[in-house]
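Following: one structure in C-alpha cells, then a few remarks.
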Amino acid sequence: MLQKKSKSQPLKKRRRLKPRTNLKRLLKRKRKKRKRNKKKKDAEEEEHKYAPRALDNSKFRLLGDWTEGEWKQTEDYSIPIADQFPDNEYPLGEIMEYSHDTSRITSEEMREKERIMKYDYEAIRRGAECHRQVRKYAQSFIKPGMKLIDICHKLEAKNLELIQANYLEAGQAFPTGISINDCAAHYSPNPGDDKILGEDDVCKLDFGTHVGGNIIDCAFTIAFNEKYDNLLQAVKDATNTGIKTAGIDVRLCDIGEAIQEVMESYEVELDGTTYPVKCCRNLNGHLIGKYQVHAGKSVPIVKGGDTTKMEEGEVYAIETFGSTGKGVVYEEADCSHYMKDFHVGKVPLRNPKARALISHINKHYGTLAFCKRWIERDGFKGGYILPLKNLCDEGVITAYPPLNDIPGSYVAQYEHTILLKPTSKEVVSRGQDY
C-alpha cells in the first residue's frame, strides 16, 4: 500500500522542462485525443451501419392515428407484462374503421353488441403487448455475425419471461421462424445448427405469443443493406393494404387482389439487375382460432380463389410475402416445425417412446406448434427423433418443413394479427416499428 507523505518532508523541486519538450508532449496529447475520438466515431458509424433498415420509422406510413401505449418497461426488459399493467388494462392496438361500412363505428347497436360479446380482450392485448416488447428487445441486439440459434434462444427466453409462461396457460404460440434470403418461412435452427446471420442477408423474424390460447401471430423483415429497401417497402405496403381492405363481409379473394396490385407495382434493383417484386402465390394469411394458428380460412395474396367472406368476431393473421424469384415456394429438407393435428382423436400407439413423447407434447404444447430445440430444452428424457417420426407416420403430428423460393432469390415478409369487432377492426399487434 502506498503511504502519504508527511507534511514535514520537504517538497522536491520541480524540474524545469525545455519549451521544445513541452511542445512535443502537448502535440502528443492532442494526437492521442484525436485518435480516441476517431475510434468513437468509427464505432458509432459501425453501429449505424448495422442498424436493421426494416425498423426505420420514417419510411413507414401508419394507417391511422395510432400511437403506442405508455412505455413501462426497464432498459433490460425485466418486468413481466402483467406486472406492468396490474389493472389488466393493456394497450389497445390500432383501431380502424371498416372502409366498406363506416357507419359501424358510430352505431349504438354495434357498440352494445360489442359490449355483450364475450371477447377475451385482456388476453389478446396482453399477448400483443408482449410481442411488441419482445421484438423491440430483439431489434436491440440482432446484428450480423450472430448465430441464428443464439438469436432464437435469446428471443424465446425473453418471450417466456415477459409472458410468464405456464404450460398451456401462456407462452410461445409457435417456434421462432428466422428464415434467410430465399427461404420464406418455417425455418428455425435445429440443435447443432451453426448458421450465421450475414451482413447482406434478408432475414424474416416470425414469432408468436399466446395467453389462454389467444394467439398473436406477427412477423417482420430485417435487412442491413439499403439495396433491399424497395423489397421491404413493397411487402410492408402490401400487408397494410390487406389490413385496410379486410373487414366483416369482405370476400377473401378481394383482399388477395388488392394485395397483389400493390405488391407487384414495386421493383428492386440488385447489383445492376432490376427484379419485379412478385407475391408468393402459394402462401397465405389465415384465420386464427383458440389454440389453433391455422383455423381453416385462408387469406390469399393474389387475385382469384375463395369467395368466402370474413365474419364478425374472427381473428386473422394478415401476412404477405414478396419475392425476387418465381413467387412460388416449395418444401425443403431438415424440418424443424411440428404441430399436433387439431382434429385428431386418440390414436393407439404401440411404441412406448412415442406414447411418452405425445404425453409430453400434450402437456407442454397441446395443439400449438413446437420444434426439436424445445423438446431438448424441456429436458425430455430419451431419444425423440424416431418417436417423433413415428407420430408423424401415424398422422398424430404434422411436419411443416422450410418453404423456399429458387436459390439466389430474396423473400421478405410482414404480418399482423387483426380482430374484427362489431364496430371496428383492431390491428392488435401494431407497433411504432411497423
Side-chain angles (χ1 to χ4, degrees), residues 69 72-73 79-95 113-135 155-176 206-219 285-297 311-318 337-344 358-371 374 377-378 415-422 425-431:
K72 299 184 179 182
Q73 186 56 274
I79 307 176
I81 304 301
D83 292 349
Q84 295 176 48
F85 303 92
D87 56 357
N88 287 336
E89 292 291 332
Y90 299 99
L92 275 69
E94 181 189 15
I95 305 299
K113 192 174 184 180
E114 186 170 311
R115 189 185 65 80
I116 62 176
M117 287 183 79
K118 293 183 178 179
Y119 284 117
D120 199 349
Y121 288 121
E122 290 77 14
I124 293 171
R125 290 169 183 159
R126 177 182 161 194
E129 181 62 17
C130 180
H131 197 287
R132 275 190 289 270
Q133 294 192 20
V134 171
R135 72 185 190 235
L155 183 152
E156 289 170 356
K158 187 58 65 176
N159 201 353
L160 292 170
E161 179 187 352
L162 294 190
I163 204 67
Q164 293 176 301
N166 184 18
Y167 295 103
L168 297 179
E169 289 184 14
Q172 298 170 113
F174 48 85
T176 301
D206 188 352
F207 69 96
T209 60
H210 85 92
V211 177
N214 296 280
I215 298 169
I216 300 298
D217 189 356
C218 189
H286 47 92
L287 177 68
I288 299 176
K290 207 163 187 178
Y291 293 104
Q292 188 179 16
V293 70
H294 290 266
K297 294 182 183 178
E311 299 178 42
E312 194 172 272
E314 291 180 329
V315 179
Y316 282 91
I318 304 295
H337 284 52
Y338 298 86
M339 187 165 62
K340 183 182 175 183
D341 190 316
F342 189 82
H343 302 289
V344 73
I358 194 61
S359 177
H360 177 87
I361 290 167
N362 287 334
K363 180 180 179 180
H364 288 82
Y365 318 120
T367 53
L368 298 172
F370 61 93
C371 62
W374 290 6
R377 177 198 66 191
D378 298 338
E415 177 181 23
H416 273 301
T417 298
I418 66 171
L419 169 62
L420 302 182
K421 301 186 294 185
K425 53 190 165 188
E426 182 177 347
V427 190
V428 292
S429 55
R430 179 72 84 195

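Bear in mind the structure is a predicted one, so any value in this text is a computation, not a measurement. Numbers here are sequence positions counted from 1.
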From CA spacing to verdict: side-chain hydrogen bond (donor to acceptor under 3.5 Å, both in side chains), Glu129, Gln84: CA-CA 10 Å; Glu129 181 62 17; Gln84 295 176 48; over 6 Å; no
Under the side chain to side chain donor-acceptor pair (under 3.5 Å) test, residues paired with Gln172 that sit two or more places apart: none
Side chain to side chain donor-acceptor pair (under 3.5 Å) against His131, all qualifying residues, sequence neighbours excluded: Arg135
Beyond-backbone contact of Gln164 with Arg126, side-chain heavy atoms, under 4.5 angstrom: yes
Gap separating the NZ atom of Lys297 from the CD atom of Glu311, nearest 0.5 angstrom: 4.0 Å
Close side-chain approach of Ile288 to Asn214, heavy-atom, < 4.5 Å: no
With sequence neighbours excluded, residues passing ring-ring contact (aromatic ring centres under 6.0 Å, His included) with Tyr316: none
Nearest-0.5 Å distance, OG1 of residue Thr367 to NZ of residue Lys340: 7.5 Å
Residues in salt bridge (Lys or Arg N to Asp or Glu O under 4.0 Å) contact with Glu426, at least two apart in sequence or another chain: Arg125, Lys421
Contacts of Asn88 that satisfy side chain to side chain donor-acceptor pair (under 3.5 Å) - sequence neighbours left out: Tyr90
Nearest heavy-atom neighbours spanning Cys130 and Ile163: CB-CD1, 3.7 Å
Of all pairs that satisfy salt bridge (charged side-chain N to carboxylate O under 4.0 Å, His left out), the ones with a partner from residues 156-169, not counting sequence neighbours: Glu156-Arg373, Lys158-Glu161
Contact check, side chains of Leu368 and Val293, non-hydrogen atoms, under 4.5 Å: no
4.5 Å side-chain heavy-atom contact, Lys425 and Leu420: yes
Non-neighbouring partners of Phe174 that pass ring-ring contact (aromatic ring centres under 6.0 Å, His included), sequence neighbours left out: none
Residues which pass side chain to side chain donor-acceptor pair (under 3.5 Å) with Asp378, listed by chain and number, not counting sequence neighbours: His360, Tyr365
Contacts of type side chain to side chain contact (heavy atoms under 4.5 Å, CB included), residue Glu89, not counting sequence neighbours: Asp87
Atom of Glu415, atom of Ala317 and distance for their closest heavy-atom approach: OE2-CB, 3.3 Å
Contact check, side chains of Ile215 and Thr417, non-hydrogen atoms, under 4.5 Å: no
Heavy-atom side-chain contact between His364 and Tyr167 under 4.5 Å: yes
ring-ring contact (aromatic ring centres under 6.0 Å, His included) partners of His294, counting only residues at least two apart: His286
Which residues share a ring-ring contact (aromatic ring centres under 6.0 Å, His included) with Tyr338, sequence neighbours left out: none
